[in-house]
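The structure appears below as structure tokens.
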Amino acid sequence: MNFSPNESDFYTYLLEYASKRGYKLNPDQEMLERIIKGMIKIEENKGQRYCPCRLVTGDKAADEKIICPCVYHEQEIAEHGHCHCYLFFAE
């Protein structure tokens, strides 16, 4: 994958997080790269790595719930085998 240093650091964090939780990252490398690059762009524009499949509302308390990994990902993985944005998958 062709990552900037910031994207590479985030990728490493995501790998470690997924491993500790018993998840895996999206096996489609092209899609995974697009998700990570998109979240870094969101961070550059909004100041946080918000989930790319959620809308930032401007309400700080509500928006904290959608900082990746968002509060919804565990339930989504349990129900569907992956989170809504297809970043994390069940092992």
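- Within the model, atoms NZ of K20 and CG of L15 stand 12.0 Å from one another, a figure rounded to the nearest 0.5 Å.
- Residues C68 and L14 are in side-chain contact: their nearest non-hydrogen atoms beyond the backbone lie under 4.5 Å apart.
- You'll find the side chain of R54 reaches within 4.5 Å of the side chain of H84, heavy atoms only.
- Expressed to the nearest 0.5 Å, how far NZ of K41 lies from CZ of R34 amounts to 13.5 Å.
- Contact of the P69 side chain with the Y13 side chain is registered, since non-hydrogen atoms from C-beta on lie closer than 4.5 Å.
- Of all heavy-atom pairs spanning P52 and I35, the tightest one is CG-CG2, 4.2 Å.
- Proximity of a side-chain donor or acceptor of D63 to a complementary backbone N or O of T57 within less than 3.5 Å is detected.
- The aromatic rings of Y86 and H82 lie parallel to each other, their planes meeting at an angle below 30°, with 60° marking the opposite boundary.
- Aromatic ring orientation, H73 versus Y23: perpendicular (interplanar angle above 60°, classes split at 30° and 60°).
- More than 12 heavy atoms of other residues, nucleotides or ligands shown are found within 6.0 angstrom of CD on E79.
- How far CD1 of I77 is from CZ of F89: 9.0 Å, rounded to the nearest 0.5 Å.
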Please walk me through it: do Y11 and E33 pass side-chain contact (heavy atoms from CB on, under 4.5 Å)? CA-CA 9 Å; Y11 173 72; E33 189 172 335; over 6 Å; no
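- Once rounded to the nearest 0.5 Å, the distance linking CG of N6 with CE of M39 reads 11.5 Å.
- For the pair M1/I36, no side-chain contact is recorded, criterion being any heavy-atom separation below 4.5 Å from C-beta on.
- The CD atom of E74 sits 5.0 Å away from the CZ atom of R21 when rounded to the nearest 0.5 Å.
- For E30, the CD atom sits in a loose shell: 12 or fewer heavy atoms of surrounding residues, nucleotides or ligands are nearer than 6.0 Å.
- M31 is not connected to I42 by any chain of hydrophobic side-chain contacts under 4.5 Å among Ile, Leu, Val, Met, Phe, Trp and Tyr, and they are in different clusters.
- Looking at Q48, its side chain never comes within 3.5 Å of a backbone N or O of I67 through a donor-acceptor pair.
- By the 4.5 Å heavy-atom criterion applied to side chains, F3 and F10 are not counted as neighbours.
- Distance check, rounded to the nearest 0.5 Å: CD of E64 to OH of Y50 gives 8.0 Å.
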